[in-house]
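Data first, discussion second: the structure below is written as structure tokens.
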Amino acid sequence: MGEWFRQSIISTGRLPLFCFFVALIVAFIATRINVRLIRAKIGWFRNVSVGEMHIHHVVFGVVLMLSGGVAGLILSSASQAGYAVAASVFGIGSALVLDEFALILHLHDVYWEEDGRASVDAVFIAVAVTGLLLIGLRPLSWDYGTPVNPAVLIVANLLLAVVTLLKGKIWTGMAGLFLPVLLIVGAVRLARPGSPWAYWFFAKRPRKMAKAVHREERWRRPAIRAKIAFQEFLSGRHDLPSSRRPRRHT
């Protein structure tokens, strides 16, 4: 194991990325354990407040990200160990920020509401992308081993990624940046019913929409339920009613 770590991580210069990856996962799990204990009012675990103002942990995350990022810029030409420490600090800060990604997205505290699941999704995507980078995959690589101009292939992959994301296939689109064949599958297959693509192109095609809804119910819903069950096991239940005010139409 030690030999593999030296050859695959240290010798390849991936120690900072590995430290970021581990720090991101550990800090996210520790944060979720902490907030679940706070919610359950167990022991001395309490929210951080100044007077009546609640200090969200995204604030500490921003400070740590800035500290780790600036330190990384300073230490980028120094030893790999020092750079790895800066990457670890940046990873902890990233976990704290992404854990409240939904708050940033909605500009409202939806942490334990349905919309709060966006934070967990953001962390999962960050972990998945970092893991792919760690094993040596690179997004939009120039080396495809084909006689086609690499710039053309990169533009084609970006277009396929945009189509895939517009069809509501976030995970396929993100993974496809590393494995382009997934982008072809995602771009060709039917869009999800709630996606922008379905809104634009299925509005006047009820049969297409019905087919998309059928596929969603039969294949994707079970997968989503399994994902939510795993997320709630890890991060707690997002079961509070929505506190956001509905938009007023004028």
Side-chain angles (χ1 to χ4, degrees), residues 1-39 43-50 54-105 111 116-141 170-171 174-175 177-178 227 230-236:
M1 188 66 179
E3 184 65 26
W4 171 86
F5 187 81
R6 282 191 295 271
Q7 292 181 356
S8 302
I9 302 299
I10 298 178
S11 299
T12 57
R14 296 176 191 163
L15 181 60
L17 184 62
F18 176 81
C19 291
F20 170 84
F21 180 71
V22 173
L24 176 66
I25 295 175
V26 173
F28 170 68
I29 293 174
T31 301
R32 281 288 165 165
I33 291 174
N34 182 66
V35 295
R36 292 177 74 174
L37 291 173
I38 291 173
R39 191 185 191 192
W44 54 269
F45 293 93
R46 294 292 184 270
N47 290 318
V48 178
S49 300
V50 177
H54 169 57
I55 307 298
H56 291 272
H57 50 267
V58 65
V59 175
F60 302 103
V62 170
V63 173
L64 288 172
M65 287 183 70
L66 285 172
S67 301
V70 172
L73 293 174
I74 296 173
L75 299 171
S76 60
S77 58
S79 66
Q80 189 176 187
Y83 197 20
V85 172
S88 299
V89 174
F90 192 83
I92 296 171
S94 299
L96 295 175
V97 170
L98 290 176
D99 188 55
E100 294 203 310
F101 171 78
L103 182 150
I104 301 171
L105 180 64
Y111 196 87
R117 288 200 179 100
S119 297
V120 187
D121 288 332
V123 174
F124 277 32
I125 289 174
V127 170
V129 170
T130 307
L132 291 172
L133 291 170
L134 194 58
I135 63 176
L137 296 178
R138 293 293 179 267
L140 303 176
S141 171
I170 307 300
W171 281 99
M174 296 299 296
L177 293 175
F178 298 86
K227 183 197 75 169
F230 176 71
Q231 287 182 340
E232 290 187 343
F233 168 77
L234 185 65
S235 61

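Computed from a predicted structure; not experimentally measured.
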Minimal non-hydrogen separation, Ile135 against Arg14, with atom names: C-NH1, 3.9 Å
CZ-CD1 distance between Phe20 and Ile92, expressed to the nearest 0.5 angstrom: 11.0 Å
Check: Phe5 main-chain N/O paired with Ser8 side-chain donor or acceptor under 3.5 Å: no
Shortest non-hydrogen contact from Phe90 toward Met65: CD1-O, 3.3 Å
Salt bridge (Lys or Arg N to Asp or Glu O under 4.0 Å) contacts in which one or both residues fall within residues 54-71, not counting sequence neighbours: none
Nearest heavy-atom neighbours spanning Glu232 and Arg117: OE2-NH2, 2.8 Å
Exercise: identify the closest heavy-atom pair between Ile38 and Asn47: CG2-OD1, 3.5 Å
Nearest-0.5 Å distance that lies between atom CZ in Arg39 and atom CG in Asn34: 14.0 Å
Side-chain donor-acceptor contacts of residues 119-129 below 3.5 Å, not counting sequence neighbours, with atom names and distances?
{"unit_1": "Ser119", "atom_1": "OG", "unit_2": "Asp99", "atom_2": "O", "d": "3.2"}
{"unit_1": "Ser119", "atom_1": "OG", "unit_2": "Phe101", "atom_2": "N", "d": "3.2"}
{"unit_1": "Ser119", "atom_1": "OG", "unit_2": "Ala102", "atom_2": "N", "d": "2.8"}
{"unit_1": "Asp121", "atom_1": "OD1", "unit_2": "Lys227", "atom_2": "NZ", "d": "3.2"}
{"unit_1": "Asp121", "atom_1": "OD1", "unit_2": "Gln231", "atom_2": "NE2", "d": "2.8"}

Closest contact, heavy atoms only, Ser88 versus Ala23: O-CB, 3.4 Å
Interatomic distance, Leu15 atom CG to Ile10 atom CD1 [nearest 0.5 angstrom]: 5.5 Å
Inter-residue atom distance Ser235.OG - Phe230.CZ, 0.5 Å rounding: 9.0 Å
Atom of Tyr83, atom of Gly72 and distance for their closest heavy-atom approach: CE1-O, 3.6 Å
From Phe28 atom CZ to Ile33 atom CD1, the distance as rounded to the nearest 0.5 Å: 10.5 Å
